[in-house]
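The block underneath contains the structure these notes are about, expressed in structure tokens.
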Amino acid sequence: MSQITEIAPDIFKITTFISEVNIQFNQFLVKDEEPLLYHTGMKGLFPTVNEAVARLIDPTTLRWIGFSHFEADECGALREWQRIAPDATAICSFVSKMVSVDDVVAERPARALEDGEVLVTGKFRFKFLQTPHVPHAWDAGHLFEENSGTLLCSDLFHQNGEVEAITNSDIVSRFKEMLIEYQEGPFANYLPYTTKTEKILGRLADLKPKTIAPMHGSTYVGDGESAILDLAQAMKDVLAGSV
Ligand SMILES: [Fe+2]
Ligand SMILES: [Fe+2]
């Protein structure tokens with residue numbers, strides 16, 4: 001069964017730990033006039049995540065389904081969600097919609113968000129930032145909820161293991177450990193370090209998030225600006241120049 005944690009008022013994290021890969025997969029359910037789910041999880045996770053969402057809202061009332069980039073844990077179960085929620089529309093970058101999502105996983109066309117565009121779901125305001133290759137993939141983007149200061153940050157701040165749901169302590173060192181570990185195994189080069197990485201991370205830091213909500217691992221509550229700048233340094237240390 002998945003674990004539910006309220007990480008900010010009416011923003012809920014749904015966590016499932018998969019021991020075979022030693023990774024938690026988190027989805028985020030936002031309760032609002034127009035409910036939003038961020039990350040669908042893989043198809044295989046759909047029954048357990050659906051059961052968790054049903055503890056929070058009527059899943060058939062979902063209105064928006066967001067994700068960072070085209071990948072199974074981000075949007076693999078999009079079609080399953082859209083089949084039970086007739087008004088649920090996917091929101092993603094233009095590239096995501098055009099090159100993959102509409103053809104491969106969407107029951108109906110996605111809505112492409114422009115860089116800087118704000119989606120209002122009721123009391124919440126989600127700003128979309130186009131962030132190519134951050135964390136990875138050409139089509140990557142991020143959603144930042146402006147009123148609560150919550151950054152839904154996908155694979156940034158990825159931490160392995162069965163870690164606590166939410167923390168005020170540093171999570172960058174665990175992220176750095178994961179990067180080093182992955183560089184030595186089959187998941188090497190998980191995240192690229194490009195000529196634009198530092199600038200894009202600087203833009204995310206400028207949002208000064210109060211809550212940082214990764215897909216894998218603990219949510220961090222604290223000085224998000226410093227955390228992102230520390231993460232940028234960790235990525236540079238481990239990834240810049242690696243083959
Ligand atoms: Fe990813
Ligand atoms: Fe992921």
Side-chain angles (χ1 to χ4, degrees), residues 1-5 7 11-29 38-46 48-49 52 67-77 131 133-137 140 142-143 150-194 197 200-201 204-205 209 211-224 226-243:
M1 191 187 249
S2 303
Q3 180 192 342
I4 297 175
T5 309
I7 59 162
I11 302 180
F12 297 86
K13 171 185 176 183
I14 297 167
T15 300
T16 312
F17 179 65
I18 310 285
S19 55
E20 290 81 0
V21 284
N22 193 34
I23 301 175
Q24 292 173 331
F25 290 87
N26 303 318
Q27 299 78 38
F28 298 91
L29 189 278
Y38 197 70
H39 305 148
T40 68
M42 302 80 85
K43 284 183 197 205
L45 276 187
F46 177 71
T48 180
V49 181
F67 47 89
S68 168
H69 48 274
F70 182 74
E71 202 171 25
D73 55 3
E74 296 274 351
C75 61
T131 59
H133 303 291
V134 175
H136 54 186
H142 285 81
L143 282 185
T150 301
L151 179 65
L152 298 166
C153 65
S154 179
D155 300 319
L156 294 177
F157 294 93
H158 175 143
Q159 310 138 62
N160 283 334
E162 201 164 11
V163 291
E164 66 275 31
I166 190 162
T167 185
N168 302 112
S169 303
D170 164 63
I171 57 171
V172 176
S173 50
R174 294 201 297 225
F175 168 77
K176 190 172 181 180
E177 281 167 24
M178 176 281 299
L179 279 183
I180 292 168
E181 184 188 324
Y182 274 15
Q183 283 304 87
E184 292 164 0
F187 291 129
N189 304 308
Y190 171 36
L191 307 182
Y193 194 88
T194 76
T197 302
I200 289 171
L201 290 173
L204 295 179
T211 300
I212 285 183
M215 176 193 271
H216 312 286
S218 303
T219 289
Y220 171 73
V221 177
D223 179 352
S226 296
I228 294 169
L229 295 175
D230 289 348
L231 170 127
Q233 186 61 49
M235 287 178 67
K236 193 172 190 176
D237 291 348
V238 179
L239 302 172
S242 64
V243 179

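By convention here, the first residue in the shown sequence is residue 1.
- Contact between Phe70 and Cys75 at its shortest, heavy atoms only, is CD1-SG, 3.7 Å.
- Taking 4.5 Å as the limit, every side-chain heavy atom of Asp73 sits out of range of all side-chain heavy atoms of His39.
- Residue His69 comes nearest to Pro135 through the heavy atom pair CE1-CG, 3.7 Å, listed as atom of the first residue, atom of the second, then distance.
- Checked against Leu151 for a side chain to side chain contact (heavy atoms under 4.5 Å, CB included), the options Leu156, Thr211, Ile228, Leu143 give a single hit: Ile228.
- Taking 4.5 Å as the limit, every side-chain heavy atom of Thr219 sits out of range of all side-chain heavy atoms of Thr5.
- Side-chain contact annotation: His216 with Asp155, donor-acceptor N/O pair under 3.5 Å present.
- We find the CG-NZ distance between Leu152 and Lys13 to be 12.0 Å, quoted to the nearest 0.5 Å.
- His142 approaches Val134 most closely through the heavy-atom pair CE1-O, 3.3 Å.
- Considering only residues two or more places apart in sequence or on other chains, Asp223 meets the salt bridge (charged side-chain N to carboxylate O under 4.0 Å, His left out) condition with none of them.
- Thr194 and His133 share no donor-acceptor pair across their side chains, judged by distance under 3.5 Å alone.
- Residues Asn168 and Tyr220 come closest through the heavy atom pair O-CE1, 3.4 Å.
- We find the CD1-CD1 distance between Ile171 and Ile212 to be 6.0 Å, quoted to the nearest 0.5 Å.
- To the nearest 0.5 angstrom, Tyr193 atom OH is 7.5 Å from Leu201 atom CG.
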Check against side-chain contact (heavy atoms from CB on, under 4.5 Å), Ile180 and Val238: CA-CA 7 Å; Ile180 292 168; Val238 179; 3.9 Å; yes
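- Looking at residues two or more places apart in sequence or on another chain, you find no salt bridge (charged side-chain N to carboxylate O under 4.0 Å, His left out) involving Lys43.
- From Ile7, atom CD1 reaches atom OG1 of Thr15 across 9.5 Å, with rounding to the nearest 0.5 Å.
- Ring geometry, His136 versus Tyr190: the interplanar angle exceeds 60°, so the pair is classed perpendicular (tilted spans 30 to 60°).
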When you look at Ser68 and Met215, which way does the side-chain contact (heavy atoms from CB on, under 4.5 Å) test go after all the steps? CA-CA 10 Å; Ser68 168; Met215 176 193 271; over 6 Å; no
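- Annotation: the span from Glu181 atom CD to Arg174 atom CZ amounts to 13.5 Å, rounded to 0.5 Å.
- Contact of the Pro214 side chain with the His158 side chain is not registered, since no non-hydrogen atoms from C-beta on lie closer than 4.5 Å.
- You'll find the side chain of Gln159 stays beyond 4.5 Å of the side chain of Met178, heavy atoms only.
- Contact annotation: the side chain of Asn189 approaches that of Gln183 to within less than 4.5 Å [non-hydrogen atoms, C-beta and beyond].
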Assess whether side-chain contact (heavy atoms from CB on, under 4.5 Å) is satisfied between Tyr182 and Asn160, documenting all intermediate values. CA-CA 10 Å; Tyr182 274 15; Asn160 283 334; 3.3 Å; yes
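- For the pair Thr167 and Ser218, the tightest heavy-atom approach, listed with the atom from each and the gap, is CG2-CB, 3.9 Å.
- In this structure, CE in Met1 is found 12.0 Å from CD1 in Ile14, a value given to the nearest 0.5 Å.
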side-chain contact (heavy atoms from CB on, under 4.5 Å) for Phe25 and Thr48? Distances and angles first, verdict last. CA-CA 12 Å; Phe25 290 87; Thr48 180; over 6 Å; no
Please evaluate residues Phe28 and Tyr38 with respect to the criterion ring pair (Phe, Tyr, Trp, His ring centres under 6.0 Å), reporting the C-alpha separation (whole Å), side-chain torsions for both, the decisive distance (0.1 Å), and the verdict. CA-CA 5 Å; Phe28 298 91; Tyr38 197 70; 7.2 Å; no
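- Val172 approaches Phe157 most closely through the heavy-atom pair CG2-CE2, 3.8 Å.
- Between Ser2 and Gln27, the closest side-chain pair of non-hydrogen atoms is not below 4.5 Å.
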